[in-house]
2 protein chains.
Amino acid sequence: MKLNTKSRYAVMALADMAVFSRDNAVSLRDISLRQGISLLYLEQIFLKLKKNNIVKSVRGINGGYILIKTPKELKILDILLALDQKVKTVGCKKDSKKSCNGKSTKCITHNFWDELDFHINSFFENKKLSDLLKNKEARH
Amino acid sequence: MKLNTKSRYAVMALADMAVFSRDNAVSLRDISLRQGISLLYLEQIFLKLKKNNIVKSVRGINGGYILIKTPKELKILDILLALDQKVKTVGCKKDSKKSCNGKSTKCITHNFWDELDFHINSFFENKKLSDLLKNKEARH
DNA sequence: CAAAAACTTGACTATTTTAGTCGGGTATAT
DNA sequence: ATATACCCGACTAAAATAGTCAAGTTTTTG
Ligand code: FES
Ligand code: FES
């Protein structure tokens with residue numbers, strides 16, 4: 001039950017941007033240095049964030065990335081979805097013919113996992129990027 | 001963000017037991033046949049369930065496993081914990097010196113992941129095995 | 001214009017985790 | 001006795017993860 005680092009770094013990097021940007025673009029190099037994330041890895045992550053309209057890019061010198069939505073509007077769920085991280089705790093497809101057990105009927109636990117997924121999804125749906133920043137001063 | 005099959009099968013198998021046992025032991029062979037889970041895999045899973053006092057075993061002919069608690073009392077969380085599935089969405093240890101980023105201070109997103117873990121944990125804490133069985137008749 | 005900063009993209013790889021299997025046990029009811 | 005069923009450690013193939021590399025393109029600035 002682990003979140004992958006890509007998603008974690010994505011949230012981390014966007015939180016960093018929310019803190020350090022005032023309309024100006026934030027370069028991945030800066031994020032990399034501040035958050036200790038590999039620059040090459042960040043590039044890969046931001047590619048997806050860009051494709052999914054979470055950020056837009058500014059090329060050339062003094063370039064970087066800019067959040068498209070404000071931190072108050074940006075749902076954490078949007079970030080996860082951008083990285084193909086559907087919240088799906090088990091592999092069973094809702095629509096598909098095949099259930100998790102390969103049979104045509106749903107297994108005894110199916111509804112439970114659906115509930116779980118919904119529960120987690122709601123959390124990510126309701127949390128905004130700005131919520132992450134709130135208790136920042138509480139630490140260190 | 002996937003649950004592993006071991007945990008899923010464990011919940012599935014225990015739900016099966018809750019349905020098919022009336023004080024008598026349920027053999028893994030029966031569970032295997034009913035739920036379509038490999039017998040060998042089930043053995044591995046039940047070994048852990050036994051070690052963690054979720055079930056007790058009866059050896060020999062007509063043997064099998066018996067739930068220690070009633071389905072009403074058995075938390076899903078207990079099942080997951082038995083399989084070493086702590087709900088810990090990121091690798092950062094709360095107590096350890098090292099944070100997720102290797103620095104001494106907590107990263108900007110740390111509190112958020114803590115909240116997430118708590119949110120998911122609560123779900124598993126409040127759900128009982130019996131809750132899984134409720135809407136069984138709603139299907140098929 | 002030239003050079004440097006910074007984004008763009010696909011492919012590639014080492015490591016780790018997962019999802020099992022295998023083999024050889026031991027206990028017990030009939 | 002013997003079949004049934006639990007016990008347990010070790011092993012492995014396959015998939016996922018985390019991250020790197022190479023080779024660009026675009027834009028700003030001196
Ligand atoms: S059939 Fe959907 S989880 Fe098993
Ligand atoms: S998640 Fe704990 S320091 Fe980053």
Side-chain angles (χ1 to χ4, degrees), chain A residues 1-13 17 21 24-33 35-52 54-67 80 83-86 88-92 100-102, chain B residues 1-13 17 21 24-33 35-52 54-67 80 83-86 88-92 100-102:
Chain A
M1 198 64 165
K2 280 233 176 92
L3 199 64
N4 62 19
T5 55
K6 256 179 197 159
S7 302
R8 185 158 60 80
Y9 286 167
V11 174
M12 211 164 157
M17 285 178 69
S21 94
N24 53 311
V26 180
S27 75
L28 293 189
R29 195 171 154 278
D30 286 351
I31 299 176
S32 168
L33 291 173
Q35 303 299 332
I37 304 170
S38 148
L39 175 61
L40 292 149
Y41 207 21
L42 275 178
E43 287 183 349
Q44 200 184 115
I45 291 166
F46 271 75
L47 208 62
K48 292 200 167 198
L49 291 177
K50 186 189 168 173
K51 268 185 188 148
N52 288 278
I54 308 291
V55 294
K56 59 189 171 190
S57 65
V58 178
R59 298 183 77 145
I61 233 162
N62 288 326
Y65 289 91
I66 299 176
L67 287 170
L80 301 189
L83 293 154
D84 313 317
Q85 280 293 306
K86 294 179 209 59
K88 203 85 204 42
T89 52
V90 305
C92 171
C100 71
N101 49 10
Chain B
M1 199 65 167
K2 280 232 176 93
L3 200 62
N4 61 22
T5 56
K6 256 178 198 160
S7 303
R8 185 159 59 81
Y9 287 166
V11 173
M12 212 163 157
M17 286 179 68
S21 95
N24 54 312
V26 179
S27 75
L28 294 190
R29 191 169 157 281
D30 287 351
I31 298 177
S32 167
L33 291 173
Q35 303 301 330
I37 305 170
S38 147
L39 175 61
L40 292 150
Y41 207 21
L42 275 177
E43 286 185 350
Q44 200 184 116
I45 290 165
F46 272 74
L47 212 61
K48 291 199 169 197
L49 292 176
K50 187 190 168 173
K51 267 185 190 147
N52 288 277
I54 308 290
V55 294
K56 60 188 171 191
S57 65
V58 179
R59 298 182 77 148
I61 233 165
N62 290 325
Y65 289 93
I66 300 176
L67 287 170
L80 301 189
L83 293 155
D84 313 318
Q85 281 294 307
K86 293 179 209 58
K88 204 83 204 42
T89 51
V90 304
C92 171
C100 70
N101 49 10

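Keep in mind that the numbers below use all heavy atoms, side chains included, and drop hydrogens, waters and symmetry copies. This one's a predicted model, so the numbers in the text were calculated from it and none came from an experiment. Reminder, nothing fancy here: chain letters follow the sequence lines and each chain counts from 1.
- Residue A:S27 places none of its side-chain N or O atoms closer than 4.0 Å to OP1 or OP2 of C:dC7.
- To the nearest angstrom, C1' of D:dA1 lies 11 Å from CD1 of B:I61.
- In terms of position along DNA chain C, the nucleotide closest to A:V26 lies nearer the 5' end than the nucleotide closest to the other residue of the pair A:V26 and A:M1.
- Of the residues near DNA chain D, B:G64 and A:S38, the one whose nearest nucleotide (by heavy atom distance) lies more toward the 5' end is B:G64.
- Under the 30°/60° scheme for interplanar angles, the aromatic rings of B:F46 and B:Y65 are found to be tilted.
- In this structure, a donor-acceptor pair under 3.5 Å is present between the side chains of A:S7 and A:N4.
- At least one side-chain nitrogen or oxygen of A:K50 sits closer than 4.0 Å to the OP1 or OP2 atom of C:dT8.
- Residue A:S57 places no side-chain N or O under 4.0 Å from the OP1 or OP2 atom of C:dA6.
- B:K6 has no carboxylate O lying under 4.0 Å from a charged side-chain N of B:D84, or vice versa, which leaves the two without a salt bridge.
- For B:L47, counting side-chain heavy atoms from C-beta on, the closest listed nucleotide (C:dC7, D:dC8, D:dT28) is D:dC8.
- For B:Q44 against C:dT21, a side-chain N or O and a base N or O form a donor-acceptor pair under 3.5 Å.
- If you measure from atom OH of A:Y41 to atom C1' of C:dT8, you get 18 Å, rounded to the nearest angstrom.
- Residues B:M1 and B:T89 meet the side-chain proximity criterion, which asks for heavy atoms closer than 4.5 Å.
- Contact annotation for A:Y65: backbone-only contact, meaning every heavy-atom pair under 4.0 Å involves sugar-phosphate atoms and none involves a base.
- A:I31 has its CD1 atom 8 Å from the P atom of C:dC7, to the nearest Å.
- Considering only the side chain of B:L40, C:dT21 comes nearest among D:dT29, C:dT8, C:dT21.
- We find that CG of B:L39 is positioned 18 Å from P of C:dA19, with the value rounded to whole Å.
- Across the protein-nucleic acid pair, A:E43 atom CD and D:dT20 atom C1' stand 11 Å apart, rounded to whole Å.
- For C:dG20, the OP1/OP2 oxygens have a side-chain nitrogen or oxygen of B:Y9 closer than 4.0 Å.
- When each of A:N62 and A:L3 is assigned the nucleotide of DNA chain D with its nearest heavy atom, A:L3 is the one assigned upstream, toward the 5' end.
- Put simply, the side chain of B:R59 and the base of C:dT26 share a donor and an acceptor less than 3.5 Å apart.
- Only one option out of A:I31, A:T5, A:L83 pairs with A:I45 in a side-chain contact (heavy atoms from CB on, under 4.5 Å); it is A:L83.
- Atom CG in A:N24 sits roughly 15 Å away from atom C1' in C:dA6 (whole-Å rounding).
- Separating the CG atom of B:N4 from the P atom of D:dA15 is a distance of 17 Å, rounded to the nearest angstrom.
- Rounding to whole angstrom units, NZ of residue A:K86 and P of D:dA16 are separated by 13 Å.
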